[in-house]
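Order of appearance sets the numbers: ligands from 1, and atoms from 1 within every ligand. Scope of the values below: all heavy atoms of this structure, side chains included, with no hydrogens, waters or symmetry mates.
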Amino acid sequence: MVREWDPGTASSAEIASLLDTLNAVLAVDLPRDPPWRESSLREYLSEVMPGERRISWVAQAEPAAGGAPGPILGQVNVLLLGDIGVLEVLVHPSRRRGGLGRDLVLVAARRAYQEGFQSIGVEVVGDTPAVAFYESLGFSKEYVETRSVLDLSAVDWAELSEMAAGIGAGYHLEFCPGGPPDDLIDAYARAKAEVRDVDDGELRPSSYDPQRLRDSLDCLHRRGMKPYIVLALHEQTGEVAGLTEVVVPAQHPTRADQYDTIVVQDHRGYGIDRAIKARMLLELRSAEPRLTEVQTWNAQANEAMLKVNAELGYRADREWCEYSVDVAELVHRLDAGR
Ligand SMILES: CC(C)(COP(=O)(O)OP(=O)(O)OC[C@H]1O[C@@H](n2cnc3c(N)ncnc32)[C@H](O)[C@@H]1OP(=O)(O)O)[C@@H](O)C(=O)NCCC(=O)NCCS
């Protein structure tokens, strides 16, 4: 049975059941990824940025003989932001290839269609059944990134200290756990805005103006995701010359996510990229002692970033693709196949 579902008011048993399904999915599709924990999972699923909505549905097994609710075997949610819908679908491995994935996509696609959305996108992990699934539904590949993972136990910390110190004169680094300090928010947003069209095209949404940046930091905190930032400050002007962002999610606190790394055009060529990333890892070592890995996503064309990541010890893991589809065509195709 597929029904609309609000993670904000769902019972704890349902949240725990969804977690079991998510971890069963990870165990077969991404066996090297750490299993998720329940910590802040409800908030992770329910909190959104101002102006965004996430609508969810679950597929739940029939109640057991004693009347206890059945387990959650699948889930879909669509995040509606601006004029884009972003889809996420999960089906328990024991229930796959029975048409449940298709049913879940249909319910979300119908809603996106009713709400006037023209296209939906989805992140698809390479080498998993999701590739054939979305291609069978008519989604097409728009963009490919590579996910890389850094194993902190293999890091040469002495070499990293040298990298962190290897920055041109006239700059200094600042570590900001929790987010940029308030007096640097404007300069921080300017640095992000300047490179938005130029740089690496990473999948993570960026924040370009100070208010949006504050909202996005608030949203991260509410979802149980702790941001850490290292800034390179240009001493003469006080401008943010470079920044790197890592988030440690309560749901998988042993593996952090590297978000944006930006070096502003005028400040390139001074070793800032390498230094800020190295300093971040050194700081995380003491701030987050449970951390064992960091993962990052890069466009395959971004050779400069890939080179620095390789020097730091990141190893390419998988393709991470963005697919999209026209909503009306998707609804039509799925309805016709029923
Ligand atoms: C992708 C996923 C949702 C598919 O769910 P499902 O219930 O098995 O999908 P369906 O049964 O509706 O399949 C629909 C069609 O997709 C295609 N398909 C699905 N899985 C496939 C596979 N393993 N190989 C080839 N084709 C496949 C087939 O054409 C299938 O139709 P058919 O069974 O009539 O041939 C499921 O595998 C899943 O949850 N994957 C994890 C997704 C995810 O987000 N992971 C993130 C962490 S890895």
Side-chain angles (χ1 to χ4, degrees), residues 1-3 5 7 17-38 41 44-45 54-61 70-79 85-112 120-149 203-204 223 225 249 251-252 254-255 257 293 295-297 316-325 329-338:
M1 176 198 48
V2 175
R3 64 177 167 91
W5 183 72
S17 177
L18 177 62
L19 178 66
D20 287 346
T21 290
L22 170 65
N23 281 333
V25 165
L26 285 174
V28 302
D29 287 353
L30 288 172
R32 294 211 195 120
D33 279 38
W36 281 41
R37 305 176 184 190
E38 202 167 330
L41 182 57
Y44 178 87
L45 296 166
R54 192 187 292 107
I55 311 173
S56 300
W57 294 260
V58 289
Q60 191 162 18
I72 289 181
L73 302 170
Q75 196 239 356
V76 60
N77 67 68
V78 61
L79 180 66
V86 180
L87 194 68
E88 288 177 326
V89 187
L90 282 180
V91 172
H92 194 286
S94 66
R95 299 304 170 108
R96 290 184 180 175
R97 296 308 290 273
L100 185 51
R102 216 186 274 127
D103 289 349
L104 289 167
V105 170
L106 178 58
V107 69
R110 274 196 184 132
R111 177 66 66 86
I120 339 189
V122 63
E123 271 186 12
V124 179
V125 184
D127 256 340
T128 70
V131 176
F133 174 70
Y134 288 108
E135 288 180 354
S136 82
L137 301 184
F139 284 70
S140 45
K141 202 191 280 184
E142 301 289 342
Y143 193 70
V144 184
E145 292 199 320
T146 302
R147 182 179 75 166
S148 305
V149 180
L203 282 178
R204 327 245 130 235
R223 297 181 83 199
M225 303 162 85
Q251 300 81 19
H252 51 88
T254 60
R255 183 184 282 198
D257 297 326
E293 294 166 314
Q295 58 187 355
T296 187
W297 291 262
D317 172 46
R318 277 180 193 250
E319 281 194 351
W320 220 264
C321 311
E322 229 177 60
Y323 278 70
S324 75
V325 73
E329 279 173 24
L330 176 63
V331 171
H332 182 72
R333 175 180 282 116
L334 288 167
D335 275 335
R338 282 169 83 81

Side-chain atoms of residues 89-97: list all donor-acceptor pairs with protein atoms under 3.5 Å, sequence neighbours left out, distances to 0.1 Å.
unit_1	atom_1	unit_2	atom_2	d
H92	ND1	S94	N	3.0
H92	ND1	S94	OG	2.9
R96	NE	V91	O	3.0
R96	NH1	D29	OD1	3.2
R96	NH2	D29	OD2	3.2
R96	NH2	V91	O	3.4

Starting from the N and O atoms of ligand 1, collect every protein N/O partner closer than 3.5 Å and put each pair on its own line with the distance to 0.1 Å.
unit_1	atom_1	unit_2	atom_2	d
ligand 1	7 (O)	G101	N	2.8
ligand 1	8 (O)	R97	N	2.8
ligand 1	11 (O)	R97	N	3.4
ligand 1	11 (O)	G98	N	3.3
ligand 1	11 (O)	G99	N	2.8
ligand 1	12 (O)	G101	N	3.4
ligand 1	12 (O)	R102	N	2.9
ligand 1	16 (O)	S136	OG	3.2
ligand 1	24 (N)	R97	NH1	3.3
ligand 1	31 (O)	R102	NH2	2.8
ligand 1	33 (O)	R97	NE	3.1
ligand 1	33 (O)	R97	NH2	3.4
ligand 1	34 (O)	R102	NH2	3.1
ligand 1	35 (O)	R97	NH2	3.1
ligand 1	37 (O)	R96	NE	3.2
ligand 1	39 (O)	V91	N	2.6
ligand 1	39 (O)	V91	O	3.4
ligand 1	39 (O)	R96	NH2	3.4
ligand 1	40 (N)	R96	NH2	3.3
ligand 1	44 (O)	V89	O	3.2

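- Listed by chain and residue number, H252, T254, R255, E293 satisfy the side-chain contact (heavy atoms from CB on, under 4.5 Å) test with P34 (two or more places apart in sequence, or in another chain).
- The backbone N or O of D317 sits nowhere less than 3.5 Å from a side-chain atom of R147 that would complete a donor-acceptor pair.
- Between F139 and Y323, the ring center distance fails the sub-6.0 Å criterion.
- Taking A59 as the reference, V2, L100, L104 meet the side-chain contact (heavy atoms from CB on, under 4.5 Å) condition, with sequence neighbours excluded.
- At a threshold of 4.0 Å, the pair R338-D103 counts as salt-bridged, since one of the basic side-chain nitrogens sits closer than that to a carboxylate oxygen.
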